[in-house]
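Below: the structure, in structure tokens.
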Amino acid sequence: APAGLVLASAAATLESGAPAVPAPAVAGFGAGVLTLAALLGGGLPIYRRYRRRREAVTAGRLSGAAKAGTFMTANAPVAADDSGENEVVQRAAMLQTILDNIPCAVSLVNHEQQLVACNEEFKRLLDFPPHLFAGGLPSLETLFRYNAARGEYGPGDPDQIVTDLLARALHPAPHSFERRRRDGTVLLVQGQPLPQGGFVTTYTDITARKRDEERLQLADKVFENSPEAIVITDLGHRIVSVNPAYTEITGVTAAAAQGTCFRPGSDDGEGAGAGGPDSRTVWAIVGAHGSWSGETTGLRCDGQRYPRTLMINGVRDPETREITHFIAIFSDITARKRAEADIEHLAYHDTLTGLANRFSLTARLQQSVADARRNGQRLAVMFLDLDRFKHINDSLGHPVGDELLKQVALRLRDAVRETDTVARLGGDEFVVVLQGIGGAHDVTHVAAKLLARLSAPYCVDTTELHTTPSIGISLFPDDSADPAALMRNADTAMYHAKAAGRAKFQFYTDEMNRAATARLDLERKLRGAAARGEFELWYQPQFDSRHGHLTGLEALVRWRHPEDGLIAPLRFIPLAEETGVIVEIGTWVLREACRQARQWLDAGLPQLRISVNLSVRQLREKCLVDTVSTILAASGLRPGLLELEITESAVMDNPDEAVALLQALKDLGVRIAIDDFGTGHSSLSYLKLFPLDHLKIDRSFVSDIEHDANDAMIVAAAVSLAHNLGLSVIAEGVESAVQVARLRELGCDELQGFHFSRPVTADVVENSLRSVWRTA
Ligand SMILES: Nc1nc2c(ncn2[C@@H]2O[C@H](COP(=O)(O)O[C@H]3[C@@H](O)[C@H](n4cnc5c(=O)[nH]c(N)nc54)O[C@@H]3COP(=O)(O)O)[C@@H](O)[C@H]2O)c(=O)[nH]1
């Protein structure tokens, strides 16, 4: 401000002529002309010239605060033309105009913390309501309070905030900071102290700039931290910039990459089959269409190839819309490709052996049949099942079973051509599809080879294992032209190979098909037959060989089907064994035999031993001992009158378990007989351990005993063995008086067979018992 200029709080005071300017403001000035600045209207100082008069105050003129002996001062405006006031006013107006037109908000605060000037932008930008300015320019404190109350300075006690701000404003220092307002706008606040006290402050709306900066920072972060490689090239495809992911994927540093040509395609200098288009093609498409995306094969700096997904776009100048750069984004999809390959492998392969699974076998067989039809060739489907695999799995554990299956898979794969299909359907079932075969003879050759290779011993850990395959074979087009039927027919043939004694291969025939259909029909009827009450128990008497009296009855099941009539056990017992239905049937037999025996006793008929056959499947049932015990208790039959017949092969299959099981049954008080003795491979050491009562010599040794000296010797040896072990011996299948005599001579204790009686119904038994049933 020019020398002698003083700011007054209101021009009106100045122009009133009274003691206008507060003492401090005019201190040091005597009478004469002075220029005073008055704040008018918009808040900007208006400069006016005043002539000051000073008079001594006399007693008669005392007024207001003036005292006698002091001076009274009066200011009168000087005429404009005479003092150059025009120039000052013009400059002031110019200044206000400038303030109103500069693109930021401006405020001027004096040393008394009074807002003395501001522009319209100040009110607008800081969003001050008009009422704040209704009584002229507000004080700094008013503005601070208003702002603090509306949270402009952030959280905290508004009073405290205002106190702090006012204290700071008393000693203004140059400052510059950003203030983010509650509505999200960002102001750059810059303050500058004034030489005469107070300060001027500018407020610039930098919201857009900040947003741009933040966007740039974000873009920078994305660029730096993106897991995808980002490459920026110029129009000549030369690399301008790459991000760290690029270096990570390719092994090429940013410095080394810069200036080199970016190759987005699958470029293979040696012409090896890399996937995707080459770089020239990709750039040509980008040139024509502005962008390209797809999969290509990249090359790392160590020469290793990797699959990648890549996207290239042209970057356009926002104004000219001309492409100035290209940006390529790509990622290494090695892991994804590997996972996809694994998933695909899982979908089409058996996880244990790596062979084709059922799903892919079906697809491949369809394809093979189509090829064979087109080429006029033959094709063979071989269905393989491992004999005794279940036993190995159950007794040695699943890890051993799994290892065995893996070795079988390897042997199968090794034994056939690369073009043939080898699949595992699950469990121990395998299928081999032989393509382009000449005829049945070729297949016989392969089947014999498979039989031999798969029958050779296996070594799992340190255990030597033995298994053999049963193989069923069907031929295209001979047995069927339909892939599903070829599989079914091979399965049927395999079943027949098993039934024919295992370790065999068998071609499919029409008779097999008929038998398989009948078997399926029987199986369907068998399920639930016990619940429907279709079974009957018949009984065959057993006699003392010396005195001829009745010793017991063997209970034998019969199936009376409502449409098919009486079905013999040999037709349905093996099927019931295979399907597991035997457990349901066996339980019914046991319950019915005990009930009937007890009923005969209650009817006053002689006390008799009742024999019931137990199947292998029943022996495997965990609850067998409980079942027998419950049935005995329910019937009220004395346990000693029940004899359980267990075949020799059933106990010798797993003798260690059999010892424990037979002992548990024996502990119930029942008797135990070994059935079909001589047909299995009994170990003497085990026979000793089994808690047996009876040994039943198989009828195959009885049927020819009168002519075959070997049979007689076997029976003699069995009798001797049994007697030495303290067991009694019964011979079954006795059909003639000669056999009776011979068996008596050989020391058999009891006899059973058609010679005495065929199995008969319970009614017949009852009548016979009433008339004392004995041998002649
Ligand atoms: N698990 C069960 N198996 C049972 C049950 N009922 C029977 N079976 C078994 O079915 C097979 C055939 O039995 P079936 O047709 O009843 O034949 C028995 C006798 O009829 C027959 N037999 C008796 N004497 C003679 C004879 O002099 N000659 C001759 N050719 N056959 C004769 O032997 C069968 C009894 O055999 P076994 O049980 O070994 O004593 C048969 O294997 C039965 O075991 C059942 O309820 N559960």
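Just follow the structure's listing: the first ligand is 1, and inside any ligand the first atom is 1. The analysis underlying the following values was restricted to heavy atoms, covering all of them including side chains, and did not include hydrogens, waters or symmetry mates.
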Atom 15 (O) of ligand 1 touched by protein heavy atom at under 4.0 Å | yes

Taking only heavy atoms of V589, which atoms of ligand 1 are found under 4.0 Å from at least one of them?
-> 46 (O)

Polar contact flag, side-chain donor to acceptor under 3.5 angstrom, R699-Q752 = no

re atom 11 (C) of ligand 1, the protein heavy-atom contact at minimum distance is L570 CD2, 4.0 Å

Residue E554 vicinity, atoms of ligand 1 by number, heavy atom under 4.0 Å | 37 (P), 38 (O), 40 (O)

Nitrogen or oxygen atoms of Q752 and ligand 1 under 3.5 Å apart | no

Give the residue and atom name of whichever protein heavy atom lies nearest to atom 43 (C) of ligand 1, and the separation in Å to one decimal.
-> L556 CD2, 4.3 Å

Test item: E648 side-chain N/O and G678 main-chain N/O as donor-acceptor pair under 3.5 Å | yes

Does G586 come within less than 4.0 angstrom of ligand 1, counting non-hydrogen atoms of the residue?
-> no

Under a 4.0 Å heavy-atom limit, does N613 contact ligand 1 with its side chain, its backbone, both, or neither?
-> both

For atom 45 (C) of ligand 1, the protein heavy atom that lies nearest, with its residue and separation | V557 CG1, 3.8 Å

4.0 Å protein heavy-atom contact status of atom 41 (C) of ligand 1, strictly under | no

For residues D387 and S470, is any side-chain donor paired with an opposing acceptor at under 3.5 Å?
-> yes

Does Y458 have R411 sitting over its ring (NZ/CZ under 6.0 Å from centre, angle to axis within 45°)?
-> yes

For atom 10 (O) of ligand 1, what's the nearest protein heavy atom and its distance?
-> P569 CB, 3.6 Å

Residues forming a salt bridge (Lys or Arg N to Asp or Glu O under 4.0 Å) with E732, sequence neighbours excluded = K696

Counting heavy atoms not belonging to R358, are there more than 12 under 6.0 Å from its CZ?
-> no

At under 4.0 Å between heavy atoms, which part of D676 makes contact with ligand 1: side chain, backbone, both or neither?
-> side chain

If you scan protein heavy atoms around atom 33 (O) of ligand 1, the nearest is R699 NH1, 2.8 Å

Among all protein non-hydrogen atoms, which one is nearest to atom 24 (N) of ligand 1, and what is the separation to 0.1 Å?
-> Q540 NE2, 2.9 Å

Check: D656/Y686 side-chain N/O donor and acceptor closer than 3.5 Å = yes

Main-chain N/O of N710 paired with D708 side-chain donor or acceptor, under 3.5 Å | yes

Look only at interatomic distance and state if D675 has a nitrogen or oxygen under 3.5 Å from any nitrogen or oxygen of ligand 1.
-> yes

Side chain, backbone, both or neither: which part of R758 has a heavy atom under 4.0 Å from ligand 1?
-> neither

Start with the C-alpha gap between H694 and E750, add the side-chain angles, then the distance that decides, and say whether side chain to side chain donor-acceptor pair (under 3.5 Å) holds.
-> CA-CA 10 Å; H694 238 148; E750 289 170 76; 2.6 Å; yes

Give a yes or no on whether a salt bridge exists between R558 and E536, defined as a side-chain N under 4.0 angstrom from a carboxylate O.
-> no

Taking only heavy atoms of P759 into account, list the atoms of ligand 1 that are under 4.0 Å away from them.
-> 20 (O)

Which residue and heavy atom of the protein sit nearest atom 9 (C) of ligand 1, plus the separation = I573 CG1, 4.4 Å

Indicate whether atom 20 (O) of ligand 1 is within a distance of less than 4.0 angstrom of some protein heavy atom.
-> yes

N/O to N/O below 3.5 Å, does that happen between F754 and ligand 1?
-> yes

Main-chain N/O of T353 paired with D350 side-chain donor or acceptor, under 3.5 Å = yes

Closest protein heavy atom to atom 30 (N) of ligand 1, given as residue, atom name and distance to 0.1 Å | E735 OE2, 3.3 Å

Who are the ring-ring contact (aromatic ring centres under 6.0 Å, His included) partners of H561, not counting sequence neighbours?
-> W559

Numbering as shown, the atoms of ligand 1 that approach E732 to under 4.0 Å (heavy-atom distance) = 36 (O), 37 (P), 39 (O), 40 (O)

If we ignore angles and hydrogens, is there a donor and acceptor under 3.5 Å between the side chains of D442 and H445?
-> no

Does some non-hydrogen atom of R558 fall short of 4.0 Å from ligand 1?
-> yes

Donor-acceptor pair, side chain of S545 and main chain of C748, under 3.5 angstrom = yes

Numbered atoms and elements of ligand 1 in range of K696, under 4.0 angstrom, heavy atoms | 40 (O)

